[in-house]
Amino acid sequence: MSLKTLIAGAAVAASLAGATAAAVDNSAAPANPLLAPWTGPYGGVPAFDKAKVEYLKPALEAGMAEALAEIDRIAANPEPATFENTIAALERSGRTLDRVSTVYGIYSSTLNDEAVQAVEREMAPKLAAFSDQITQNEALFKRIAAVYETREKAGLTPEEQRLAWLRYTNFVRSGAKLDAQAKQRLSEINQQLAGLYTKFGQNVLADENNEQLVIENEADLAGLPGAVRAGAAQVAESRGQKGQWVIANTRSSVEPFLTYSDRRELREKVWRMFVNRGDNGGATDNNTIITEILQLRAERAKLLGYETHAHWRLENTMAKNPQRAMELMEAVWTPAVGRVREEVADMQAIADKESAGIKIEPWDYRYYAEKVRKAKYDLDETEITPYMQLENLREGMFYMAQQVFGFHFKPVDPAKLAVYHPDVRVWEVNDPKGNLVGLWYFDPYARKGKRSGAWMNAYRAQERFDGDVKTIVSNNSNFVKGSPGEPVLISWKDAETLFHEFGHALHGLSSNVNYPTLAGTRVARDYVEFPSQLLEHWLSTPEILNRYALHYQTGKPIPQALVDKIKNADRFNQGFDTVEYLSSALIDMKLHLAGDQKIDPDKFERETLTALGMPTEIVMRHRTPQFMHVFSGDGYSAGYYSYLWSDTLTADAWEAFTEASGPWDKAVAKQLIDNVFSVGNTIDPADGYRSFRGRDAGIAALMRKRGFPVPAAAAPAAAKSK
Ligand SMILES: [Zn+2]
């Protein structure tokens, strides 16, 4: 009897009993519905109606045990290693854990309470140890290596060869080739780093929580719009300072204050408080931690056979090596700095006209930029919002998906499909012939226990090697739910984000591959934002705006004059945005190219920025002592450049449409779907892009998009393959 059958049988009993935690713990054969295969329509869907927090831990543990047993069987197979009995067998393994992890992920990100946090604290180290156990399985690695080494002679398809390559490389990159002593050292380093990452993040959080600007006199609120004042009053009240105003030390509080406050000395105070997070000496200072992290990362890279941490991190990306990422950043840096000079001149002119008697400093930038925006573009956000109804824009996205991808969205009857929260709605997605493509779950509203921001999540990847499995994807955001019957109005920026996340969903839905490890959005880090950033462009097309950006009271489409203003202001402040971002990305890369020298982060940052010619009116978006992307985990270390890399592709890909008949050009759409959206990670992204565009992406389109001068001798092609 297989483990799955046993568990599935038991799950029925548990659901009939409406099992409580006690009932689960007491039962001799644990009946845990999370372990059961998904059943029902659409090839099975998550049984959210049966899920409970108390099932998570035992289900994760059972899932890990089952996966390890499966892997041991693959490793111990007496037959010679083949693609089928090793790589395909690995693709088949761990299915219970995949399903449980999906539900666990949904609880962590959207239903997070004390109980879920307790599970997270307990399970995070166990899940990490689990993955170490797999990569350190020597018998398994030998079999993977054998398949990889004979991949070209074994009659494998290109997709199978790539999967063998990916499995092999991931093992090697995690230290599978090291001897026992080196493996031991590697796992010490990993554990030490994990501790330092946690401490780094906690220090930043402590400085954000413990420092604030308290305003006692209403006169000191001069310039702040009503909403910002109300927010500051609310923060004060929540911190026991009712009747005063508090500017918290977080981006969402600080940036509006710097944009609108007329009190220059307070702007400077707030600015200094924010940019010095993690850099204040004392218990929460991150400088020593950064030095240690960088040295451990350098040691680990050497141990694994790489020149630097950056070389290790970039190996499997589209850029492939740090040098090519640096070339792109440097090509954009100089014109962006040039644009900053122009922006500063515009701002200085306004300050001089007002007889402010100042020279623009970093705490003045946002404030005077806002004045320039009003003077030059006459754009007021409050004019746009009444046309931005969430449900209409969602219909607009469906229209886009139908026109460009041939996808038809049809709502699923809530009675027929369980969701994890009543706000969640589900649509089935079909192709023009009526064949099922997948499911799209939509969870739009903010609530307690849901993480901030917006994201896409694939509940189940598309695959076909063992039968046709359709994908399940979801989009999540944090809009404020209106009163019943009232439309939810969102900002232009939020509408862009909505389209962005839908781009990730379409990337998942378009997937047409055999093996789940290569499906949908499971692509390189510097490639994954390209399809989503591209989708943002359709929002401002006349077809979407005229049909779907309708005034919530009059039903009239957004006036062309307003659309023109939005378009005009599109390139506004791009010097600031680019330099603020790029200085952080350059420091990230240079820190990780520096090797094992002992780095003093403040000194390194200061000297590197001086050498780069950083404009004194701007500070890095994330200074080193607070750079969470880079030091609270490995994820975006030596990887902050990825956003620019993806945007280079995005800008160039959009021009493929504008060079043809426009955003709705069927031939360009087909090329895009065939070579980008549907192929997942079955081909090298650079090859996929080249097949789509007929050439590599240069930086000219990016420069046009940002309003920078296009270099005459079409500079280093950014996204060129080696
Ligand atoms: Zn994204």
Side-chain angles (χ1 to χ4, degrees), residues 105-106 108-110 251 317-319 325 390 393-394 396-397 400-401 404-405 438 440-444 446 450-459 461 471-479 490-511 519-540 577-578 581-582 584-585 588 621-622 628-630 632-637 639-654 672-673 676-681 685 688-689 697 702 705-706 719:
I106 290 164
S108 289
S109 55
T110 74
R251 194 175 291 282
T317 61
M318 182 171 171
L390 174 63
L393 291 165
R394 178 187 52 66
M397 300 195 309
M400 184 280 167
V404 178
F405 290 81
W440 184 70
Y441 284 58
F442 188 44
D443 182 2
K450 188 171 177 182
R451 71 172 235 219
S452 61
W455 65 96
M456 171 268 194
N457 183 10
Y459 295 171
T471 189
I472 303 179
V473 298
S474 78
N475 277 165
N476 308 268
S477 35
N478 273 282
F479 301 115
I490 65 178
S491 69
W492 181 263
K493 187 104 205 68
D494 283 340
E496 279 181 345
T497 306
L498 191 69
F499 273 65
H500 175 104
E501 297 308 331
F502 192 61
H504 287 306
L506 290 173
H507 193 185
L509 287 164
S510 304
S511 182
T521 53
R522 294 174 174 178
V523 299
R525 185 192 48 205
D526 55 2
Y527 196 63
V528 72
E529 296 299 328
F530 155 46
S532 55
Q533 287 174 347
L534 188 60
L535 246 286
E536 295 173 26
H537 284 273
W538 271 272
L539 169 63
S540 55
D577 287 348
T578 306
Y581 157 79
L582 210 42
S584 296
D588 165 37
R621 184 164 178 84
H622 309 280
M628 297 283 281
H629 289 78
V630 174
S632 71
D634 273 332
Y636 270 81
S637 61
Y640 198 59
Y641 78 93
S642 300
Y643 297 98
L644 184 72
W645 190 276
S646 284
D647 203 30
T648 307
L649 302 174
T650 303
D652 189 62
W654 182 247
L672 183 71
I673 293 162
V676 178
F677 275 75
S678 69
V679 295
N681 194 16
Y689 191 85
L702 178 79
K705 180 179 176 181
R706 298 194 178 205

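Values reported hereafter were calculated over all heavy atoms of this structure, with side chains retained and with hydrogens, waters and symmetry mates removed. For ligands, and for the atoms within them, numbers begin at 1 and follow the listed sequence.
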Does the gap between the ring centers of Y527 and W645 come in under 6.0 Å? no

Write the atom name of the N, O or S atom in E529 that is nearest the Zn ion (ligand 1). OE1

Verify whether the ring centers belonging to Y643 and F530 lie closer than 6.0 Å. no

Can the ring centroids of F499 and H537 be said to lie less than 6.0 angstrom from one another? no

For H500, the N, O or S atom at the shortest distance from the Zn ion (ligand 1) is NE2

Report yes if the side chains of W538 and W654 come closer than 4.5 Å at any heavy-atom pair, otherwise no. yes

Give a yes/no answer: is there an N/O/S atom of E501 under 2.8 Å from the Zn ion (ligand 1)? no

